[in-house]
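Before any comments, here is the structure.
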Amino acid sequence: MTDAIARAETKTVSNSQHPGAPAPAVELIDVSQTFRTKSGPHLAVRDIDLTVNEGEFVSVVGPSGCGKSTILYMVAGLRPPTSGEVHVLGKRVTAQTGPDLDVGFVFQKDAVLPWKTALQNVALGLRYRGASKRSAEADATEWLARVGLAGFGDRYPAQLSGGMRKRVAIAASLVLTPKVLLMDEPFSALDAQTRMIMENDLLSIWEETKQTVIFVTHDLEEAVGLSDRVITMTAGPGTILSDRASGLPRPRDLQEVRFEPAFTRLHEMLWEDLREQVQIASSRASAAGVGDGN
């Protein structure tokens, strides 16, 4: 283990040592994931130990190709681990259990159907679960308003901006009231101003719902501003490099909190954690002639 990793590594105290602590919503225990490729097996993540408590907002950052998104897919039940165990809300995730209805997923790309209106997209999950059309559309209308899209329910995705389509995707997940929300770089394609607005809107909703959130991002400022804890990962095969508490007060306004000394200190520590790993990943990508990845 390098000196940088040794300095950055911190240990999360288990809930068993603090009986009054919140219950774990997500647990990854000695988890590894190997993919089969044309060139042979590819180890994406290894020896992942991570606990996210109920109501925590945790961000995961790391160099391209370190397996950040793979962690989300394992938690969601979309890609069971090759070894180790994943537990969500007290239940073990396996190939047999499949996706959990209490877990929502907001993907990096807009997961909206172009032939359905914003209202129909948001109501779709409720309809699949057996809700009546009237009930589903009433809930969808409420959530469109909560994400700032009141009056836009009859618009099709092609008639909406990128930020508005992302709001539709978030509303479509939140309308299902998931206890755990997984977000895979949801704002990466947005311009800086829209991104800031969306981040603040997400925080406002989270302050109200207090869902457990695991948020994958490449952006250290975004991770620090949003999170209770920030997890960093090594270059692939990814494993946990550091686990740092934010310590920033809530509620937060991201336009203001970025000027707090504590924000700057944590940002600097996280970059120090990641600097060597980013260089390793960049060198590998240049040598292989490959592009970006998670």
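Heavy atoms only, all atoms of each residue included: K68 and V60 are closest at CD-O, 3.7 Å. Contact detail for A76 and F105: the closest heavy-atom pair is CB-CD1, 3.7 Å. When every heavy atom of A262 is checked against every heavy atom of L248, the shortest pair comes out as CB-CD2, 3.7 Å. The two residues V93 and M74 make their nearest non-hydrogen contact at CG1-O, 3.8 Å.
Side-chain N or O atoms of Q33 include one that pairs as donor or acceptor with a backbone N or O of P80 at under 3.5 Å. Judged by distance alone, with hydrogens and angles left aside, the side-chain atoms of D219 form a donor-acceptor pair with the main-chain N or O of E222 at under 3.5 Å. S59 places no side-chain N or O within 3.5 Å of a backbone atom of S227 that could act as its donor or acceptor partner.
Between F215 and F57, the ring planes lie tilted relative to each other; the angle falls in the 30° to 60° range.
Side chains of D184 and S69: a donor on one and an acceptor on the other come within 3.5 Å. A donor-acceptor contact closer than 3.5 angstrom is absent between the side chains of H267 and E221. Side-chain contact check for S242 and D273: at least one donor-acceptor pair (N or O, by modelled atom type) lies under 3.5 Å. Side-chain contact annotation: R146 with T209, donor-acceptor N/O pair under 3.5 Å absent.
A salt bridge links D201 and R167; the closest N-O separation between the charged side-chain nitrogens and carboxylate oxygens is under 4.0 Å.
For CZ of R129, the number of neighbouring non-hydrogen atoms (other residues, nucleotides, ligands) closer than 6.0 Å is greater than 12. Within 6.0 Å of atom NZ in K210, more than 12 heavy atoms from other residues, nucleotides or ligands are found, so the atom counts as buried in its surroundings.
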